[in-house]
Amino acid sequence: MEKTLVILKPCTVQRGLIGEIISRFERKGLILAGMKMMWLTDEMLNEHYAHLREKPFFQRLKDSMRISPAIVCCWEGVDAIQVVRTMAGSTNGRAALPGTIRGDYSISFQENIVHASDAPETAAIEVKRFFNENEIYTYPPALLSSFYATDEF
Ligand code: IDP
Ligand code: MG
């Protein structure tokens with residue numbers, strides 16, 4: 001099974017959507033491996049958004065990620081990284097399809113509800129960026145056979 005990092009951005013915390021978004025991942029069948037509320041630091045954001053540092057909106061994006069604390073979570077499941085990206089939808093909330101998280105809750109390019117890791121390499125780095133090892137939990141998933149065929153996990 002894969003682990004992926006999801007951040008419920010400050011816009012989501014401000015709008016009171018934490019429960020609704022978490023609930024979508026739970027209903028999908030993803031397993032919550034870690035979750036905490038935290039202020040994202042400038043240092044964390046410089047690393048996390050390093051691929052955007054030349055963009056004109058870089059500072060504005062970082063500021064928006066520090067408007068309030070964020071909720072960082074780690075979700076686990078078969079192909080969890082792609083599953084969560086598909087659930088998140090396109091980056092621009094105005095283009096994201098209805099049915100996706102961004103398509104249902106966002107009308108903005110920047111204020112788009114969630115961050116989701118985009119590949120196995122980045123997911124591993126991002127989980128480590130925001131969680132200590134003892135904050136990631138592995139526990140017996142009692143209902144696994146109700147979520148997957150036995151050859152899927
Ligand atoms: P992603 O979140 O879908 O992976 P990235 O390209 O990694 O998209 O960008 C990270 C974040 O930066 C986006 O979620 C969004 O908040 C913001 N962002 C990216 N591109 C733009 C843009 O063109 N205008 C405004 N904000 C942007
Ligand atoms: Mg990205």
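Only this structure's heavy atoms are used, side chains among them; waters, hydrogens and symmetry mates stay out.
Contact of the K36 side chain with the F131 side chain is registered, since non-hydrogen atoms from C-beta on lie closer than 4.5 Å. P10 places a side-chain heavy atom less than 4.5 Å from the side chain of M65. Counting heavy atoms from C-beta outward, V72 and V6 have side chains that stay 4.5 Å or more apart. Looking at heavy atoms from C-beta onward, D104 lies out of side-chain contact with E20 at the 4.5 angstrom threshold. C73 is listed as a side-chain neighbour of I22, based on a closest heavy-atom distance under 4.5 Å. You'll find the side chain of L144 reaches within 4.5 Å of the side chain of I31, heavy atoms only. Residues L61 and K55 form no side-chain contact, since every pair of their non-hydrogen atoms from C-beta on lies 4.5 Å or further apart. Looking at L143 and Y148, their side chains never come closer than 4.5 Å, going by heavy atoms from C-beta outward.
S106 contributes atom OG, which lies 5.5 Å from atom CD1 of I113 (distance to the nearest 0.5 angstrom). In this structure, CE in M37 is found 10.0 Å from CG in L8, a value given to the nearest 0.5 Å. Here the straight-line distance linking atom CZ of F130 with atom OG1 of T41 works out to 8.0 Å at 0.5 Å rounding. Once rounded to the nearest 0.5 Å, the distance linking CG of D42 with CE of M44 reads 11.0 Å. Between the OG atom in S117 and the CG atom in L5 there is a gap of 4.5 Å [rounded to 0.5 Å]. To the nearest 0.5 angstrom, S64 atom OG is 10.0 Å from L40 atom CG.
Applying the ring-ring contact (aromatic ring centres under 6.0 Å, His included) rule to pairs touching residues 50-97 yields F25-W75, sequence neighbours excluded.
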Between H48 and H115, is a side chain to side chain contact (heavy atoms under 4.5 Å, CB included) present by the stated rule, with each step listed? CA-CA 10 Å; H48 190 65; H115 164 81; 3.3 Å; yes
Output, in order, the C-alpha distance, side-chain angles, deciding distance and verdict of side chain to side chain contact (heavy atoms under 4.5 Å, CB included) for M87 and T100. CA-CA 5 Å; M87 290 176 75; T100 64; over 6 Å; no
Could you walk me through whether R85 and D79 pass salt bridge (charged side-chain N to carboxylate O under 4.0 Å, His left out), step by step? CA-CA 10 Å; R85 287 289 288 190; D79 299 333; over 6 Å; no
Candidate pair R24 and Y105, rule side chain to side chain contact (heavy atoms under 4.5 Å, CB included), full reasoning: CA-CA 12 Å; R24 287 193 170 215; Y105 293 97; 3.5 Å; yes
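Taking hydrophobic clusters as Ile, Leu, Val, Met, Phe, Trp and Tyr residues chained together by side-chain heavy-atom distances below 4.5 Å, F109 does not share a cluster with I7. Hydrophobic clustering of Ile, Leu, Val, Met, Phe, Trp and Tyr side chains at less than 4.5 Å, counting indirect connections, keeps M38 apart from I18. No chain of hydrophobic side-chain contacts below 4.5 Å, direct or via other Ile, Leu, Val, Met, Phe, Trp or Tyr residues, connects L30 to V127. L32 and I136 fall into different hydrophobic clusters, where Ile, Leu, Val, Met, Phe, Trp and Tyr are joined by side-chain heavy atoms under 4.5 Å apart, directly or via other members.
Closest heavy-atom contact between G77 and M1: CA-SD, 3.5 Å. For the pair N46 and K62, the tightest heavy-atom approach, listed with the atom from each and the gap, is OD1-NZ, 2.6 Å. When all heavy atoms of R102 and V114 are compared, the closest pair comes out as NH2-O, 2.8 Å. Closest of all the heavy-atom pairs between P120 and E2 is CG-OE2, 4.3 Å. Residues N112 and C11 come closest through the heavy atom pair N-SG, 4.2 Å. Of all heavy-atom pairs spanning A123 and I81, the tightest one is CB-CD1, 3.7 Å.
In terms of the salt bridge (charged side-chain N to carboxylate O under 4.0 Å, His left out) criterion, residue partners of K3 (sequence neighbours excluded) are, by chain and number, E76.
N92 contributes a side-chain N or O that, together with a main-chain N or O of R94, makes up a donor-acceptor pair within less than 3.5 Å. For the pair R53 (side chain) and A50 (backbone), a donor-acceptor distance under 3.5 Å is present. At distances below 3.5 Å, at least one donor-acceptor pair connects side-chain atoms of T86 with backbone N or O atoms of Q82.
When the shell of 6.0 Å around CD1 of I67 is examined, it contains more than 12 heavy atoms from other residues, nucleotides or ligands. For NZ of K28, the number of neighbouring non-hydrogen atoms (other residues, nucleotides, ligands) closer than 6.0 Å is 12 at most.
Salt-bridge formation is not detected for the pair E111/K9: no Lys NZ or Arg NE/NH1/NH2 atom is positioned less than 4.0 Å from an Asp or Glu carboxylate oxygen.
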